[in-house]
Every structure is written in C-alpha cells, then in structure tokens.
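Scroll down for the structure; my scribbles are underneath it.
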Amino acid sequence: MASEVIGEAIGTRPVRVRIAPSPTGYFHVGGARTALYNWCFARRHNGVFVLRIEDTDAERNKEEWVDGIGSAMAWLGIEWDEGPYRQSRRGEHYQVALDELWSNGYLYACDCTREMVLERTKANATPGYDSFCRDRGLEHQLGRALRFRVPRDGVTVVEDVIRGEVRFANSTIDDFVVAKSNGNPLFVLAGVVDDREMRISHVIRAEEHLPTTPKAVLLWEALGTGELPLPVYAHLPVLVNEKRQKISKRRDRVAVEDYREQGFLPEAMVNYLALLGWSPGDGREFFSLEELVAEFDLSNVNHSPAFFDEQKLLHFNGVYLRALTVGDFIERCCRWATEDAPTKVVADFASARFARLAPLVQERAATLSEAADLVEFLFTPDFAVEDESFVKAIERDPDAHSILVEVRERLQSCAFEAPLLKAEILQLADDRGRKLGKVQAPIRTAALGRTVGLPLFESLEVLGRARTLERLDAAIERLSESKPAVEDV
RNA sequence: GGCCCCAUCGUCUAGAGGCCUAGGACACCACCCUCUCAAGGUGGAGACACGGGUUCGAAUCCCGUUGGGGCUGCCA
C-alpha cells in the first residue's frame with residue numbers, strides 16, 4: 001500500500017523534495033541524515049533537491065549557521081539543485097497568503113498574551129489556546145496575532161508513506177498562530193506557502209514534525225482550490241542519544257563540523273548515516289553515494305528511533321581509511337591538517353618521514369586526528385614521556401635501566417635501518433633470555449613516549465640516531481632521579 | 001494531563017504467517033597471528049517487552065497492558 005502512494009505521486013508529477021533547516025546552531029547529524037535521504041530520493045527519481053532556509057525567526061538565527069549548513073553539505077557531497085531560498089526574504093509571498101486566508105474567513109485576530117492564555121487555561125484539563133478571540137471579531141492590525149480557525153469537528157488525515165494513515169481529530173488541534181503580532185509569519189504557514197509555490201512533491205523530514213502536519217494539511221486545503229495535491233509525507237524516525245532522547249544541539253555533541261574536525265571521512269559519515277534508519281534488506285553495509293542512490297527506497301525506512309553510535313562510526317571510518325591507497329591516505333591527512341583540523345597539527349604529513357610510516361599509521365588510525373597522534377613523537381618540538389607510561393614500562397621494570405643503557409650502547413654504532421635495529425635489539429633480548437616484546441617496552445617508552453604505538457623499529461629509523469640516543473639518555477637520567485636508591489648491583 | 005509515533009541481542013538492523021533451534025554488523029569475551037598497538041582469522045556469549053486473541057501454524061496480523069519517545073511556543 002505504501003509503495004502505491006509513492007508510485008502514484010511520482011507518476012503524476014515531478015519529484016521535488018526539500019530540506020528546510022533553521023539556522024539556530026551547527027548543522028547536526030540528524031539534519032545531515034534527513035538531507036541525505038532527500039538527496040538520494042531526488043537523485044533516484046530524477047527529481048530536484050531544494051534547500052530552503054527557515055529563518056523566519058530573526059532573533060534565533062545567525063548568518064554563520066547558514067554558512068555552516070552549506071559547507072557541511074558540500075563536505076558530505078550532497079549538493080542541492082535549487083536554492084538556498086531564504087524565508088526571511090519571501091515575506092510578500094506569506095503576506096499574500098495571509099490576506100487570502102483572512103478574506104476567506106479562515107483566520108481571526110487575537111490579542112491574548114501568553115500569560116493571559118496560561119491564566120485562563122490553568123484550571124482546564126486541556127492546555128493550549130482556548131479560542132478566546134475566535135468570535136470576538138477583532139480587526140487585523142499590528143500588535144495582534146493571526147490564528148487559524150480550526151474546524152470544531154471532523155478529522156484531518158495525514159498520509160504518511162512510512163507510518164501509514166495518521167488521523168487527528170480536529171477537536172484536538174488548537175487554533176494555532178500563523179502570524180505573529182509583529183506581522184511575521186510562523187513556520188507552518190511559511191512552510192506550506194513555500195511547499196506550494198515550490199511544487200514540493202514529497203516532504204521527507206524527521207518524525208518530530210508529525211504532530212504539526214495536520215495543521216499544514218488544514219492550511220494547504222484552505223489555500224488551495226484543490227488543483228494542487230498535498231505532498232506525500234514521509235516522517236523519518238528521530239535520532240536519539242544514549243538516554244534515548246532526541247539528540248539536541250544543546251545536550252549532545254552532534255555537529256557535523258565536529259566530526260569533520262576530528263578527522264572523519266565524509267564518505268564514512270554518509271555511509272553510516274544512511275544506515276541509521278534505513279537498510280538495503282540484505283546484509284550489505286558499505287555503500288558509496290552512487291550505490292545509495294541506486295538502492296535507497298522510502299519503503300525500507302525503519303519506524304523506530306535510532307541511536308547514533310559513535311563506536312560504529314569509528315569502525316566505518318577505519319574501514320574507509322584502510323581502503324585508501326597509501327598515496328590517497330597521505331593526501332587526505334594533508335588536506336585534513338590544512339582545511340579541517342581545529343588547531344594546528346604538529347605532524348608534517350607532507351614529509352618523507354611521514355611517508356615512510358604512513359602505511360603503518362593507516363592500519364592503526366581510526367580517524368585522521370588519531371593518525372596525527374600516532375606520529376606525534378616524531379614531530380613534536382617538546383617531546384616528553386607520558387608519566388603513566390614511564391612508571392609502567394620503565395620504573396616498575398627492574399631490568400629497564402640496564403636495557404636502556406645497553407641499547408644506547410648498541411645503537412651508537414649500528415646502522416639505523418629498521419631490520420638492523422631489530423636484529424640488534426633481538427640480540428639484546430636473547431642475551432637476557434627475554435622475549436623481544438618484553439625488552440622493547442622500556443625502549444619504546446623512552447624513545448616514543450608511550451607504551452603503545454607504531455611498530456618500534458621503523459619508528460626509530462625515522463626518528464634517527466641522534467634523537468633516539470638523546471631520548472634514551474633522558475630516560476636513563478629521569479630514572480635515576482626518580483629512583484636514586486635503586487641502582488644496578 | 002491531552003494528542004501522536006514507536007517496541008527483535010548493549011547498539012544498528014534482517015525478518016512482509018511456515019525457510020527462525022531468529023541471520024548480519026559494531027561493541028564485548030576467548031584463542032590464533034604478532035616487536036607493543038592495531039588490522040586479520042577462528043570461536044563464544046547475547047534479543048522477538050508482557051497478556052490475550054486470529055490461525056493447523058505468529059517475531060511477523062488484531063486488541064489490550066507496560067515501557068520509551070515526540071508534540072503540546074506569537075521556536076523550527
């Protein structure tokens with residue numbers, strides 16, 4: 001049944017979809033997913049994807065947020081075909097609609113303040129506007145809001161391809177405001193006017209909009225003479241946090257920009273987002289944008305809220321990172337460092353030294369910023385061994401001192417190439433009847449600063465003899481300072 | 001409170017009445033590989049919220065309960 005509705009609409013008019021974000025904060029992942037689904041749907045059906053900025057509330061909007069939406073979408077690779085339209089610049093369109101509705105008797109003026117309404121309805125069982133001004137016959141003038149005269153009886157039906165037929169008794173819908181007392185339209189009105197003028201065929205948006213949809217339907221019908229069919233609605237499940245509440249810009253860290261700065265790949269983000277609320281039906285999980293377009297279908301969209309799982313995103317990002325050629329990986333690192341990273345990155349990704357280690361880094365980093373962390377030992381001007389690592393791998397190891405002293409000795413003369421360094425240290429380990437892994441812990445910590453990281457010998461090779469010896473010396477000295485009593489006997 | 005939506009492993013999901021002793025992925029645990037860490041390999045633990053129907057047969061359909069969520073603004 002659901003697919004018939006889609007088919008019908010597609011058959012009778014061109015597919016035109018839109019996203020209508022309001023610039024009240026960073027573009028968040030929920031908005032990105034909505035944009036992605038709309039974009040896929042438009043592409044799939046040779047339709048048009050419209051971007052419309054819902055900035056009717058001047059007090060809450062900021063220009064930088066508008067730019068943020070555009071750059072986030074560009075980064076993700078989902079570009080709009082039309083727009084961006086700005087509602088703040090379309091005032092006359094709303095005015096025309098308002099006049100028409102007024103003269104046809106669909107509206108009435110209201111001079112109640114919020115406080116007055118609250119006062120009156122306090123005792124009532126049902127909060128919401130009490131239609132106080134509905135029959136007062138107030139003139140339409142500045143300082144008075146305009147409310148829609150919702151029919152007392154009957155049912156307003158929302159046809160939703162994902163949810164089916166959702167019915168709202170008109171008696172449960174209060175006389176909502178369509179224009180503020182300062183004359184500005186409210187989003188329901190503006191949205192309906194725009195959807196009509198822009199010939200939107202499908203409204204694909206988050207489920208939180210479902211309760212206001214009957215108001216839009218009522219307005220649509222009041223404005224139309226029947227020639228313009230309602231768009232097909234599709235309300236997507238909301239994205240929730242670990243407490244299963246709708247993710248919010250205030251509570252949760254969800255800005256697309258954040259993920260970009262952290263070194264996530266847009267293709268990984270897009271892929272992960274696609275799977276939050278949609279699945280192809282078989283087991284496949286990896287999709288390029290092109291494959292998504294070919295496969296995405298509203299009938300496969302889920303009904304229940306989805307948790308944005310950063311762990312899984314991290315996994316996806318690692319997979320995409322490892323799938324890159326080493327050359328591409330290096331290039332992405334460079335681009336991230338210059339364009340996306342929030343602060344100056346200490347790693348010189350363009351250097352030959354990084355190129356030498358890049359394959360090893362690529363295998364281990366789940367994000368580009370992790371890649372930077374992995375080679376920090378090589379590029380940081382102020383190298384220091386992590387305290388915790390120092391205690392664990394050096395202070396607590398009774399053999400650490402002699403290992404460091406001996407390795408210092410050996411590395412003074414041997415050629416500084418990974419295989420030879422390995423042979424040298426393997427020899428050292430054998431002499432002591434220790435496993436290689438066991439002796440490398442203090443060495444790694446002294447030279448690279450941490451107990452875990454990139455493979456040791458390649459790292460030392462790139463670090464170079466001078467700096468390696470310097471760091472070994474520093475560790476030996478630090479050890480004697482911290483535990484002066486424990487000398488080798 | 002009212003209206004509306006939702007309900008399969010911890011998480012994302014497959015499942016459109018028999019193919020389900022419920023499949024996959026992330027995370028988790030064990031082992032293997034191994035110079036640490038990753039990656040990779042093998043194995044493991046882990047779910048149909050509950051109660052009634054309908055049916056020869058229900059995770060799948062219906063009703064109710066419970067639970068969660070959204071909306072309830074002269075925000076979007």
Side-chain angles (χ1 to χ4, degrees), chain A residues 20-24 54-57 59-61 87 110 112-114 117 124-129 144-147 158 160 162-163 166-169 171-174 176-188 190-191 205-214 235 237-238 240 242-246 272 275-286 299 302-316 318-319 322 360-366 370 374 393 422 425-426 429 435-441 443-445 448 450-458:
Chain A
S22 67
T24 56
E54 305 222 326
D55 53 356
T56 51
D57 188 357
E59 299 190 359
R60 286 161 44 100
N61 301 144
Q87 289 190 329
C110 169
C112 299
T113 62
R114 181 154 170 70
V117 177
N124 285 6
T126 47
Y129 187 62
R144 288 175 184 166
L146 250 27
R147 288 182 182 273
V158 175
D160 188 292
I162 294 172
R163 321 264 155 197
V166 185
R167 306 170 69 84
F168 297 84
S171 58
T172 64
I173 304 170
D174 67 352
F176 55 97
V177 174
V178 293
K180 303 184 198 182
S181 50
N182 67 10
N184 286 146
L186 263 94
F187 81 99
V188 206
R205 43 141 63 146
E207 192 200 337
E208 64 205 79
H209 295 281
L210 188 49
T212 67
T213 307
H235 286 96
V238 294
V240 297
E242 60 288 335
K243 286 153 75 184
R244 308 232 44 108
Q245 294 166 317
K246 183 179 80 168
Y272 176 65
L275 260 20
L276 272 187
W278 172 84
S279 86
D282 48 34
R284 287 172 305 146
E285 291 208 293
F286 291 98
S299 67
N302 286 304
H303 297 189
S304 39
F307 170 63
F308 187 87
D309 186 359
E310 225 168 81
Q311 282 289 349
K312 190 153 182 174
L313 207 213
L314 230 25
H315 174 256
F316 269 63
V319 170
R322 274 175 259 123
L360 305 176
V361 175
Q362 187 178 5
E363 219 170 278
R364 288 165 177 77
E370 276 181 30
L374 282 167
K422 180 177 181 179
I425 290 169
L426 195 54
K435 294 269 238 186
L436 181 54
K438 205 72 171 110
V439 298
Q440 72 154 329
I443 304 170
R444 164 191 303 285
T445 303
L448 311 185
R450 302 174 198 167
T451 56
V452 300
L454 258 24
L456 179 62
F457 310 114
E458 286 82 354

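Chain letters run A, B, ... following the sequence lines, proteins first, then strands; residues in each count from 1. Side chains included, hydrogens not; waters and symmetry mates left out as well; all remaining heavy atoms used.
C9(B) and A22(B): their P atoms are spaced 14 Å apart (whole Å). The C1' atoms of G46(B) and U54(B) are separated by 32 Å, rounded to the nearest whole Å. Between A14(B) and G24(B), the two P atoms lie 15 Å apart (nearest whole Å). When the P atom is used for both C62(B) and C12(B), the distance is 23 Å, rounded to whole Å. Between U11(B) and C28(B), the two C1' atoms lie 12 Å apart (nearest whole Å). U13(B) and A7(B) have their P atoms separated by 11 Å, given to the nearest Å. Comparing G68(B) with G53(B), their P atoms are spaced 27 Å from each other, to the whole Å. Between C29(B) and U34(B), the distance separating the two P atoms is 22 Å to the nearest Å.
Residue contacts shown for L454(A) include a base, since a base heavy atom lies under 4.0 Å away. If you check every strand for non-hydrogen atoms under 4.0 Å, F187(A) touches a base. Counting non-hydrogen atoms under 4.0 angstrom, E363(A) reaches a base of the nucleic acid. Nucleic acid contact class of R167(A) (heavy atoms, under 4.0 Å, all strands): sugar-phosphate only. Nucleic acid contact for T212(A): base, since at least one base atom lies under 4.0 Å from a heavy atom of the residue. In this structure, P305(A) reaches the sugar-phosphate backbone alone: every heavy-atom distance under 4.0 Å involves primed, P, OP1 or OP2 atoms, never a base. At a threshold of 4.0 angstrom between heavy atoms, the contacts of G277(A) are confined to the sugar-phosphate backbone, with no base atom among them. Note on H209(A): a base of the nucleic acid sits closer than 4.0 angstrom, heavy atoms only.
For C6(B), the OP1/OP2 oxygens have no side-chain nitrogen or oxygen of N302(A) closer than 4.0 Å. Put simply, K246(A) has a side-chain N or O that comes within less than 4.0 Å of OP1 or OP2 on C71(B). Distances shown here put a side-chain N or O of R147(A) below 4.0 Å from the OP1 or OP2 atom of C74(B). Remark: T56(A) is in phosphate contact with A76(B), judged by side-chain N or O atoms under 4.0 Å from OP1 or OP2. The shortest distance between the side-chain N/O atoms of R244(A) and the OP1/OP2 oxygens of C5(B) is not below 4.0 Å.
Side chains of Q245(A) and V240(A) form no contact here, defined as non-hydrogen atoms less than 4.5 Å apart. Counting heavy atoms from C-beta on, the side chains of T56(A) and K180(A) never come closer than 4.5 Å.
Summary of the strand contacts: R114(A) and R364(A) both lie near RNA chain B, and taking for each the nucleotide with the nearest heavy atom, the more 5' one is attributed to R364(A). Taking for each of V166(A) and L456(A) the nucleotide of RNA chain B with the nearest heavy atom, the 5'-most of the two is the partner of V166(A).
Pair check for A25(B) finds U11(B); Watson-Crick or G-U wobble, both atom distances under 3.5 Å. With a 3.5 Å ceiling on both atom-pair distances, the Watson-Crick or G-U wobble partner of A30(B) is U42(B). Pair check for G73(B) finds none; no Watson-Crick or G-U wobble contact set falls under 3.5 Å. Pair check for A49(B) finds U65(B); Watson-Crick or G-U wobble, both atom distances under 3.5 Å.
Here the P atom of nucleotide G15(B) and the CZ atom of R284(A) are 13 Å apart, to the nearest Å. Nucleotide A14(B) holds its C1' atom 13 Å from the CH2 atom of W278(A), rounded to whole Å. The CZ-C1' distance, from F308(A) to U13(B), rounds to 16 Å in whole Å.
When the nucleotides G69(B), C74(B), A25(B) are ranked by their closest atom to the side chain of E207(A), G69(B) comes out on top. Nearest nucleotide to the side chain of S22(A), out of C6(B), A76(B), U36(B): A76(B). When distances run from any side-chain atom of K312(A) to the nucleotides A7(B), C5(B), C12(B), the shortest one goes to C12(B). Listed nucleotides C71(B), A14(B), C4(B) differ in distance to S279(A); the shortest reach to its side chain belongs to A14(B). Nearest to the side-chain atoms of R322(A) among the listed nucleotides C4(B), A76(B), G40(B) stands G40(B).
A donor-acceptor contact shorter than 3.5 Å links the side chain of R244(A) to the backbone of P305(A). R163(A) contributes a side-chain N or O that, together with a main-chain N or O of H303(A), makes up a donor-acceptor pair within less than 3.5 Å. At least one donor-acceptor pair closer than 3.5 Å links the side chain of T213(A) to the backbone N or O of H209(A). Formation of a donor-acceptor pair under 3.5 Å by the Y272(A) side chain with backbone atoms of H315(A) is not found in this model. Under a 3.5 Å cut-off, the side chain of R444(A) and the backbone N or O of L454(A) do form a donor-acceptor pair.
Annotation for L374(A) and G453(A): closest pair CD2-CA, 4.3 Å, computed over non-hydrogen atoms.
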